[in-house]
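See structure below.
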Amino acid sequence: MPRYRPHVAARPSWRCRVCGAAWPCSPARLALLGEYRENRTDLLIYLGTLMGEAMTDLAALHGAAPENLSDRFVSWARTR
């Protein structure tokens with residue numbers, strides 16, 4: 001049986017170590033929603049903190065951080 005590998009970010013590129021997609025990838029989002037299912041506010045704080053770290057890392061790599069980081073890191077996790 002294959003062992004589960006968590007979909008975590010490879011820094012400083014912020015790509016998923018497992019699937020190579022921009023992190024948080026779909027499997028990472030599902031895992032985060034499950035982990036924080038009882039406290040969406042904590043999830044948003046956690047993701048906001050990671051977004052700040054990603055801004056710094058990606059700006060150092062590319063000269064500027066991508067414009068859509070809030071959509072990538074935070075918007076998907078808001079309550080609908």
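Here, residue 1 is the first one in the sequence, and each next residue gets the next number.
- Within the model, atoms CZ of Arg78 and CG of Leu43 stand 11.5 Å from one another, a figure rounded to the nearest 0.5 Å.
- Looking at every heavy atom in both residues, Arg40 comes nearest to Ala77 through NH1-O, 2.7 Å.
- Distance CH2/Trp76 to OG/Ser26: 9.5 Å, rounded to 0.5 Å.
- We find the CE-OG distance between Met51 and Ser75 to be 8.5 Å, quoted to the nearest 0.5 Å.
- Proximity of His7 to Leu30: side-chain heavy atoms (C-beta onward) are nowhere separated by under 4.5 Å.
- For the atom pair CG of Asn39 and CD1 of Ile45, the computed distance is 7.5 Å after rounding to the nearest 0.5 Å.
- Contact annotation: the side chain of Leu69 never approaches that of Val74 to less than 4.5 Å [non-hydrogen atoms, C-beta and beyond].
- Scanning both residues, Pro12 and Leu61, for their nearest heavy atoms gives O-CD1, 3.3 Å.
- With sequence neighbours excluded, no residue forms a salt bridge (charged side-chain N to carboxylate O under 4.0 Å, His left out) with Arg72.
- Other residues, nucleotides and ligands contribute at most 12 non-hydrogen atoms within 6.0 Å of the OH atom of Tyr46.
- Atoms CG and CZ, from Leu32 and Arg37 in turn, are 12.5 Å apart once rounded to the nearest 0.5 Å.
- Between Phe73 and Trp14, the ring planes lie perpendicular to each other; the angle is over 60°, past the 30° to 60° tilted range.
- Looking at every heavy atom in both residues, Leu50 comes nearest to Arg11 through CD2-NH2, 3.3 Å.
- The shortest side-chain heavy-atom distance between Val8 and Val18 does not fall under the 4.5 Å cut-off.
- Between Glu53 and Leu58, the closest side-chain pair of non-hydrogen atoms is not below 4.5 Å.
- Among all heavy-atom pairs drawn from Trp23 and Cys16, the shortest one is CB-N, 4.1 Å.
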